[in-house]
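To keep things clear, I will list the structure first and then write my remarks on it.
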Amino acid sequence: MDNPERIKRPQPERTKPNRNVLGALGQSDAMLGSLDAAQSPIDGGHPLGPGFSDPVQKSATYGNAGSDPFGLIDEGVRAASDLVDAHIRQGEETAKSLGKSAAGISLAQTDVSGLLTGLVRAYSDVASVWVDIVGSLAHRIDGTGAAKADPTQTQGLISTIGLSITSAGSVETGIEMFRPAMDVRPQPLVSTSVTPPAQITDVAFDAGQPGTAGKIRVTVPKGQTPGVYHGLLLSASDQTPVGVLTLRVLGQTPQEGPA
Amino acid sequence: MTYHGVDTVSVVLDEYGAMVRDVMADYLPKQEPRKYLYDPVADYPSRGGKMMRPSLCIATARAFGAEPERAVRAAAAIEMLHNSLLIHDDIEDESEERRGKPTLHAMHGIPIALNAGDMLAMLSIRPLLENVYDASPWLSIPIIQDMERMARESAEGQALELGWRRDPDQRPTRDDYLIMVLKKTCWLAAIYPCRLGAMLGKRSKITNDAFIRFGFFFGAAFQIQDDVLNLNGGLTYGKESCGDLWEAKWTLMLIDVAQSLTEAERPRFEAYLRNSRETRTEEDVAWVLDLMNRIGAIENAQMFARGLAGAALGEFSTLLSDLPDSRDKRFIRDLITWTFRRDH
């Protein structure tokens with residue numbers, strides 16, 4: 001090969017994280033102006049972006065935002081955010097009022113859930129078999145699924161999972177299963193509500209003996225930052241979500257720890 | 001600069017749109033009376049459209065792990081209901097064109113169009129019912145509850161807008177406009193498709209407020225951009241160009257104009273609002289458009305829409321951060337910015 005052209009490293013188009021509203025929408029950096037200090041949620045900024053980090057810091061209204069067009073965006077979106085929150089609260093109240101039956105029996109959504117829970121408990125055997133059948137049929141219908149359910153293993157679907165926690169401090173936990181699965185692969189638990197974002201990586205699934213419920217084992221390291229941690233439970237066969245594990249690490253008091 | 005999101009969104013919209021059209025065809029009767037019912041019923045669904053609502057439902061459902069067949073049936077229900085509301089909206093708005101063709105009532109008259117719209121709304125329940133039969137008993141009621149909520153919010157939003165037109169003395173504010181959009185547009189365009197998709201994927205009910213913030217920020221950004229395109233779109237836009245101005249429809253831009261009028265301009269603006277569509281002149285429409293340009297109302301609306309889209313991206317990262325990366329998840333994210341790159 002004669003005189004091969006030397007491969008050059010391409011020059012990066014930008015040199016700082018593109019984490020603000022306009023950057024995400026392909027706007028020029030020159031337009032960013034006062035938004036340079038914007039932080040992404042993962043850096044501790046408000047998820048709605050710049051202008052939301054300190055509600056007291058800015059008190060501009062639509063009227064005085066005229067000289068600062070970006071102020072108009074921030075304040076307008078903040079107002080829109082308040083508006084949708086009010087709508088959510090109003091929806092909750094409407095749902096409750098619509099749930100009153102003529103006989104005065106409350107059928108609000110939480111009560112409906114209670115009724116359904118009772119119904120499901122009463123027919124739990126029938127329901128569990130039915131869910132198993134639907135689950136296995138669904139896997140067969142889904143042509144894009146990576147793995148087909150083995151008809152001989154439909155009784156081995158995991159619908160409930162035990163938890164084993166090792167922690168120096170106090171924790172609260174919960175598992176929400178979206179649907180039964182043949183096998184479960186828990187993901188590391190992540191919290192973006194703490195700064196800097198923290199993880200709990202010692203998470204494993206123990207299938208246990210045939211016929212017994214599997215168990216997820218979590219070890220919370222000593223000194224783990226208090227906060228709420230979430231970890232997705234994936235189906236090991238097709239990597240789709242089947243549930244979520246939530247773990248709240250409570251603040252440790254000085255008295256806690258080995259005696 | 002290339003925008004990979006454009007290609008991803010277009011590809012998914014085409015793919016999911018085709019799937020939904022196939023399923024919708026199964027639910028549209030091919031029987032008598034054809035001429036005055038089932039042919040008009042099948043008209044709008046056969047005209048195409050962006051298929052954004054059903055695609056959002058399918059993508060959300062699949063991102064949460066639903067089987068494609070159930071997701072597509074739910075999406076077909078949403079698209080059929082959307083088309084039925086379009087028939088009614090076109091009558092109420094006195095619109096002349098829809099997706100580049102005459103509106104249904106312009107072709108067949110209001111009585112036949114109204115009846116076809118009613119039938120299409122009823123037919124939209126069927127695919128949803130079949131999903132409910134397949135769903136677990138603890139999922140059926142939340143699905144029906146959500147449909148009732150969406151229909152109620154949409155009707156209330158439409159009533160707000162119709163009321164503003166009926167009473168020209170009303171002066172809606174920016175917040176009034178956003179509430180109207182939240183109810184009329186966002187519930188059917190984004191909140192309900194996402195909530196339904198998530199319920200089907202998770203096979204469980206979801207919290208009452210899930211996806212409302214995301215759907216509002218995204219849906220409002222989409223609607224405001226739609227309002228802007230109505231002014232700028234020309235022949236590439238399916239509805240009449242500047243049709244909103246001919247109808248004196250309240251948008252963020254018109255609200256800004258109303259709030260910045262001089263005393264000399266006010267009487268002409270009042271007259272513009274009071275006139276009917278037929279009696280508004282081209283000079284009046286051009287004058288209001290000129291006012292919008294003069295005070296920068298169109299640019300302000302676009303900037304505000306981008307701010308809302310940023311908020312939608314923030315909500316997206318919160319809602320779907322736990323889900324593994326997938327084409328469907330990327331589609332939902334890219335759909336937010338695609339709003340500003342489309343020309344119709």
**Message:** Looking at every non-hydrogen atom in both residues, tell me the closest pair between A/Val84 and B/Phe217 and how far apart they are.
**Reply:** CG1-CZ, 4.4 Å
**Message:** Taking the basic N atoms (NZ, or NE/NH1/NH2) and the acidic carboxylate oxygens, is any pair closer than 4.0 Å for B/Asp209 and A/Arg89?
**Reply:** no
**Message:** Can you confirm whether more than 12 heavy atoms, excluding those of B/Arg171, are under 6.0 Å from its CZ atom?
**Reply:** yes
**Prompt:** For B/Ile179 and A/Leu83, what are the C-alpha separation, side-chain angles and deciding distance, and is it a side chain to side chain contact (heavy atoms under 4.5 Å, CB included)?
**Reply:** CA-CA 7 Å; B/Ile179 289 171; A/Leu83 187 143; 3.7 Å; yes
**Residue B/Ala220 versus chain A: region with a heavy atom under 4.5 Å** = neither
**Item:** Within-4.5 Å side-chain heavy-atom neighbours: B/Ile212 and A/His87
**Value:** yes
**Message:** Under 4.5 Å from any heavy atom of chain A, what part of B/Glu153 do you find: side chain, backbone, both or neither?
**Reply:** side chain
**Prompt:** Do you know the tightest heavy-atom contact between A/Ser81 and B/Arg213?
**Reply:** OG-NH2, 3.0 Å
**Prompt:** What is the distance from atom CG of B/Leu178 to atom CG of A/Asp82, rounded to the nearest 0.5 Å?
**Reply:** 11.5 Å
